[in-house]
J.: 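First the structure, then my questions, so here it is.
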Amino acid sequence: MKQIFGLIPAAGVGARMRADRPKQYLSLGSSTLLERSVQCLLADVRVARVFIVVAPEDCIAATLALPARCEILAAGGATRAESVRNGLRVVHGIAGRDDWILVHDAARPCLEPVELAALIDEGGLDEHGGLLATPLSDTVKREHQGRVAQTVERAGLWRAQTPQFFRIDTLRRALERSANATTATDEAAAVEMLGLHPRLIAGSPSNIKVTTAGDLRLAEAILKQQGRW
Ligand code: CTP
Ligand code: MG
């Protein structure tokens, strides 16, 4: 029986948020973004444990009231990819051959249980793994010097979200191999470099990544609408 682990990169500084602390530690109602994102993964009973990767100098994570099934790893790196790679080295050391990993941003606190369940159900059946994503609905323009250079064909374009779900062995191999690639901005991109094609699983536009102060207000509205404020 395979085990499922969670890995939450939370070693960023949140520069675009311009707050007095890294954005994962900002409050959304009674909990921080990080606590909410952790709870989102643990909401599915199939998730055995969640590992949180924080910066080596972080002294806030340890003060949070995190659930028992959580472990903090002071293994953050200079980039998100590096933080995930470092965290995965630890998880790989304790996981079994057939175990799987869900990688989820600390900055996505609005993930709903039904989306996570769909990812685990559908992605977990696929040897290539999978990720939550939403099809683009806006018309897309390519810019050159402030003007439209081209209207990009929208059909078939998706916005990648997290969680992303892979066999730990596969993701480990992908991240070690893509260590010097600057184009791998999510786990799926690293896995694609192995020649694999992760499954796109339709998520919800409400699973936003909180980046700016405006997103914080949007996340509040979403959580209230979900009855989770
Ligand atoms: N992250 C990380 N290690 C880094 C950079 C980012 O673990 N060196 C994490 C963030 O903490 C966040 C997730 O990756 O949970 C997504 O990154 P992003 O939204 O870009 O967060 P920040 O990098 O903190 O924000 P900014 O880019 O505005 O500085
Ligand atoms: Mg960033």
Side-chain angles (χ1 to χ4, degrees), residues 5-28 31-42 47 50-64 66 70-92 101-111 115-116 119 131-134 159-166 171-172 174-176 178-191 203 205-220 222-223:
F5 295 106
L7 182 69
I8 299 195
V13 294
R16 288 169 288 179
M17 183 61 72
R18 300 167 164 273
D20 60 354
R21 73 201 89 160
K23 66 182 176 187
Q24 57 272 27
Y25 299 124
L26 295 176
S27 293
L28 271 174
S31 311
T32 61
L33 264 83
L34 174 60
E35 289 167 304
R36 284 188 179 273
S37 298
V38 168
Q39 285 156 7
C40 288
L41 290 190
L42 289 176
V47 178
V50 171
F51 295 86
I52 303 166
V53 182
V54 302
E57 65 276 12
D58 185 294
C59 42
I60 304 179
T63 68
L64 300 178
L66 292 164
C70 272
E71 195 166 317
I72 296 168
L73 305 175
T79 62
R80 180 185 179 284
E82 214 177 300
S83 297
V84 173
R85 188 179 307 115
N86 292 348
L88 199 65
R89 283 181 185 151
V90 177
V91 181
H92 189 257
I101 189 108
L102 287 159
V103 182
H104 185 49
D105 289 326
R108 290 188 192 266
C110 303
L111 171 72
E115 297 153 24
L116 177 58
L119 175 64
L131 63 146
L132 288 179
T134 55
R159 300 158 64 106
Q161 302 179 336
T162 73
Q164 304 200 351
F165 190 42
F166 301 99
L171 185 58
R172 171 92 206 279
L175 291 177
E176 296 298 339
S178 69
N180 298 316
T182 51
T183 46
T185 54
D186 67 353
E187 288 64 53
V191 168
S206 59
N207 180 20
I208 62 165
K209 187 165 76 122
V210 175
T211 305
T212 63
D215 296 334
L216 216 49
R217 292 189 290 274
L218 183 56
E220 176 176 343
I222 293 168
L223 289 165

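Numbering of ligands and ligand atoms starts at 1, following listing order.
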J.: Any side-chain heavy atom of L111 within less than 4.5 Å of one from L132?
T.: yes
J.: Regarding atom 4 (C) of ligand 1: of the candidates T79, L7, I52, V53, which has the closest heavy atom?
T.: T79
J.: Where does K23 meet ligand 1, judged by heavy-atom distances below 4.0 Å: at the side chain, the backbone, both, or neither?
T.: side chain
J.: Is the closest N or O pair between A11 and ligand 1 shorter than 3.5 Å?
T.: yes
J.: Quick check: K209 and ligand 1, any N/O pair under 3.5 Å apart?
T.: yes
J.: What protein heavy atom sits nearest atom 9 (C) of ligand 1, and how far off is it?
T.: P9 O, 3.4 Å
J.: Begin from the C-alpha positions of V103 and L171 and carry the test side chain to side chain contact (heavy atoms under 4.5 Å, CB included) through to its verdict.
T.: CA-CA 10 Å; V103 182; L171 185 58; 3.8 Å; yes
J.: If you have a sec, work out which protein heavy atom is nearest atom 25 (O) of ligand 1 and how many Å separate them, to one decimal?
T.: G14 CA, 3.4 Å
J.: For ligand 1, which atoms sit closer than 4.0 Å to a heavy atom of A78?
T.: 8 (N)
J.: Enumerate the atoms of ligand 1 whose separation from the nearest heavy atom of R16 is less than 4.0 angstrom.
T.: 20 (O), 26 (P), 27 (O), 28 (O)
J.: Does R89, at its CZ atom, have more than 12 non-hydrogen atoms belonging to other residues, nucleotides or ligands within less than 6.0 Å?
T.: yes
J.: Identify, by atom number and element, the atoms of ligand 1 in contact range of A107, meaning under 4.0 Å from any of its heavy atoms.
T.: 15 (O)
J.: Under a 4.0 angstrom heavy-atom cut-off, which atoms of ligand 1 come close to A106?
T.: 15 (O)
J.: Answer with side chain, backbone, both or neither: which part of E82 has a heavy atom less than 4.0 angstrom from an atom of ligand 1?
T.: neither
J.: Using the test salt bridge (Lys or Arg N to Asp or Glu O under 4.0 Å), find all partners of E220 that sit at least two apart in sequence or belong to another chain.
T.: K224
J.: Work out which heavy atom in V50 is nearest to a heavy atom in L42; give both atom names and the distance.
T.: CG2-CD2, 3.6 Å
J.: Which of the atoms in ligand 1, numbered in the order shown and given with their element, are less than 4.0 Å from a heavy-atom of S83?
T.: 2 (C), 3 (N), 4 (C), 7 (O), 8 (N)
J.: Can you report which non-hydrogen protein atom sits closest to atom 13 (C) of ligand 1, along with the distance?
T.: D105 OD1, 3.4 Å
J.: Quick one: are R36 and L223 in side-chain contact, heavy atoms under 4.5 Å?
T.: yes
J.: Pairs of donor and acceptor atoms involving the side chains of residues 5-24, under 3.5 Å and at least two apart or interchain, shall be tabulated with distances.
T.:
residue : atom : partner : partner atom : Å
K23     : NZ   : V210    : O            : 2.8
Q24     : NE2  : A10     : O            : 2.9
Q24     : NE2  : G12     : O            : 3.1

J.: Is there at least one pair of N or O atoms, one from M17 and one from ligand 1, spaced under 3.5 Å apart?
T.: no
